[in-house]
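Note that this is a predicted model, so its numbers are computed, not measured.
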Amino acid sequence: MNLARKIFEANNLFKLIEKGDKILVAFSGGVDSVVLSYLLFRLKDVFGINIALAHFNHKLREDADEDEGFCVEFAKNLDIPIYVGSYDIKSLKGNKEENARKKRYEFLNNIAKEKGFNKIATAHHLDDLAETMILWFVRGGGLKGLSGFKAFQNNIIRPLITTTKEEIKAFAISQNLRWKEDYTNYDETISRNLIRHKIIPILKTINKNFLHTAFQESLILQDEEAFLDSYTSNVIKSIDVFDIKSLKQQPKAIQRRIVRKIFKTKTFQKTELVLKLLENKKKIKLSKDKTLLVKNGKIVVMDDKR
């Protein structure tokens, strides 16, 4: 499998890489980031770009420092600059995976800004996209969640988005590349791992091309989400969004989107609660600090902290 061709394919679709780009590659030392870094290194003169690696040590595993050493050595062997950061994620309260993700991206963005990199490349691939879509479907993320992540979002690019995990591993083996294996990727108490090792294989028995089907669905849903988001923003500009009569004239799908944008409701239940004001409900408690009332056909926001 010629993965260079896959990167060109993704670039033709999404315009990820341009001549003169300075790209910081998020580098964990796993097979995905090893292959991405190796390919961008081999293609840097073709694209006319500069690259560097950035490794963030989460201090979550006993061998985390060993992984860091591997990453530094990998960069040294290819003569690629590498920036290393760390944080003891276990010291933070809350969801461990979410805390790790936030700290990692905070580090990446800080390095990019400080060192003048205009893009950050991550090694997310087709399997990751499908896993994300399923995870959001199970948790309930609406159209935006169900569409997964984008190939190019803000300053983040994902050049391997059309490539499967199987293709990445096969390429690494064919090139005699070494990588570090994260044993926590096999812990099926973690939802994403359960989806990866159990759910997706079952879905592939129904549709052997499931990953590519998920990719196509993602593109369709992203376009539809972008259209509906833009349409909703235009509606908000053209009507009084606090006027009950004006809101009731909009389709239910647009009503929900207006409510989420204006009243910052993050769950289906909260959004539906606000919509009850369009059905003769006169008062609702949106949160411990906020109440919504209907007065003279208008929604009035009451700050209960005052």
**Asked** Considering only heavy atoms from C-beta outward, does the side chain of Val300 approach that of Val294 to under 4.5 Å?
**Response** no

**Message:** Quick one: does any side-chain atom of Asn109 pair with a main-chain N or O of Tyr105 as donor and acceptor, under 3.5 Å?
**Reply:** yes

**Item:** Crowding at CG, Asn234 (>12 non-hydrogen neighbours, <6.0 Å)
**Value:** yes

**Prompt:** Under the salt bridge (charged side-chain N to carboxylate O under 4.0 Å, His left out) rule, what pairs show up with a residue in residues 49-64, not counting sequence neighbours?
**Reply:** Lys59-Asp65, Arg61-Asp63, Arg61-Asp67, Arg61-Asp182

**Message:** Quick check: do Thr232 and Lys261 have side-chain heavy atoms less than 4.5 Å from each other?
**Reply:** yes

**Prompt:** Given the side-chain rings of His55 and Tyr83, with only the six-membered ring counted for Trp, is the space between their centroids under 6.0 Å?
**Reply:** no

**Message:** Just checking Asn209: does its CG atom have more than 12 heavy atoms from other residues, nucleotides or ligands closer to it than 6.0 angstrom?
**Reply:** yes

**Message:** Between Asp88 and Lys90, does any NZ, NE, NH1 or NH2 come within less than 4.0 Å of an OD or OE carboxylate oxygen?
**Reply:** yes

**Asked** For Glu188 and Asn193, does a side-chain donor sit closer than 3.5 Å to a side-chain acceptor?
**Response** no

**Asked** Looking at Leu160 and Asp32, what are the two nearest heavy atoms and their distance?
**Response** CD1-O, 3.9 Å

**Message:** Counting only heavy atoms from other residues, nucleotides and ligands, does the tally under 6.0 Å from NZ of Lys15 exceed 12?
**Reply:** yes

**Request:** Could you tell me whether Glu106 and Lys103 have a side-chain N and a carboxylate O separated by less than 4.0 Å?
**Result:** yes

**Prompt:** If you measure only the distance, is there a donor-acceptor pair under 3.5 Å linking the side chains of Asp127 and Thr164?
**Reply:** no

**Item:** Salt-bridge contact Arg196-Glu131 (side-chain N to carboxylate O under 4.0 Å)
**Value:** yes

**Message:** Around atom CD of Glu181, are there more than 12 heavy atoms from other residues, nucleotides or ligands closer than 6.0 Å?
**Reply:** yes

**Asked** Is there a donor in the side chain of Arg192 and an acceptor in the side chain of Thr132, or the other way round, less than 3.5 Å apart?
**Response** yes

**Request:** Indicate yes or no: at least one non-hydrogen side-chain atom of Phe263 is less than 4.5 angstrom from one of Leu292.
**Result:** yes

**Heavy-atom neighbours of Asn95 CG exceed 12 at 6.0 Å** = yes

**Prompt:** Is it the case that Arg158 places NZ or CZ above or below the six-membered ring of Phe152, under 6.0 angstrom from the centre and within 45 degrees of the axis?
**Reply:** no

**Complete:** Correct closest heavy-atom pair for Gly29 and Ser33 would be N-OG, 3.2 Å

**Asked** In terms of the angle between their ring planes, are Phe47 and Phe8 parallel, tilted or perpendicular, with boundaries placed at 30° and 60°?
**Response** tilted

**Request:** Spell out, as yes or no, whether a donor-acceptor pair under 3.5 Å connects the side chain of Ser218 to the backbone of Ser147.
**Result:** yes

**Prompt:** Do the non-hydrogen side-chain atoms of Ile299 and Leu293 ever get within less than 4.5 Å of each other?
**Reply:** no

**Message:** When you compare the side chain of Ile254 with that of Tyr231, does any pair of heavy atoms fall below 4.5 Å?
**Reply:** yes

**Option among Val301, Thr291, Val274 that satisfies the side-chain contact (heavy atoms from CB on, under 4.5 Å) test with Leu286** = Val274

**Request:** Count the heavy atoms of every other residue, nucleotide or ligand shown that sit under 6.0 Å from NZ of Lys165, and state whether that count exceeds 12.
**Result:** yes

**Request:** Measure from the side-chain N and O atoms of Ser230 to the backbone N and O of Phe227, and report whether any donor-acceptor pair falls under 3.5 Å.
**Result:** no

**Asked** So, do Phe74 and Ile82 sit near enough that their side-chain heavy atoms are less than 4.5 Å apart?
**Response** no

**Request:** Return the minimal non-hydrogen interatomic distance between Pro159 and Ala10, and the atom names on each side.
**Result:** O-CB, 3.5 Å

**Request:** Would you verify whether the NZ or CZ of Lys204 falls within 45 degrees of the ring axis of Phe210 while also being under 6.0 Å from that six-membered ring's centre?
**Result:** no

**Exercise: do Thr189 and Asp187 side chains pair donor with acceptor under 3.5 Å** = yes

**Message:** Quick check: closest heavy atoms across Gly85 and Phe107, and the distance to 0.1 Å?
**Reply:** N-CZ, 3.4 Å

**Message:** Could you check whether atom NZ of Lys96 has more than 12 heavy atoms from other residues, nucleotides or ligands sitting under 6.0 Å from it?
**Reply:** no

**Prompt:** Does a side-chain heavy-atom distance below 4.5 Å link Tyr87 with Leu92?
**Reply:** yes

**Asked** Charged N to carboxylate O below 4.0 Å: is that the case for Arg257 and Glu225?
**Response** yes

**Request:** With the side chain counted from C-beta on, respond yes when Glu9 and Asn12 share a heavy-atom pair under 4.5 Å apart, and no when they do not.
**Result:** no

**Message:** A cation-pi test, strictly: NZ or CZ of Lys298 under 6.0 Å from the centre of the six-membered ring of Phe242 and no more than 45 degrees from its axis. Yes or no?
**Reply:** no

**Request:** Could you grab the distance from atom CG of Asn2 to atom CD of Glu167, nearest 0.5 Å is fine?
**Result:** 11.0 Å

**Prompt:** Taking everything shown except Lys248 itself, do over 12 heavy atoms lie less than 6.0 Å from its NZ?
**Reply:** no

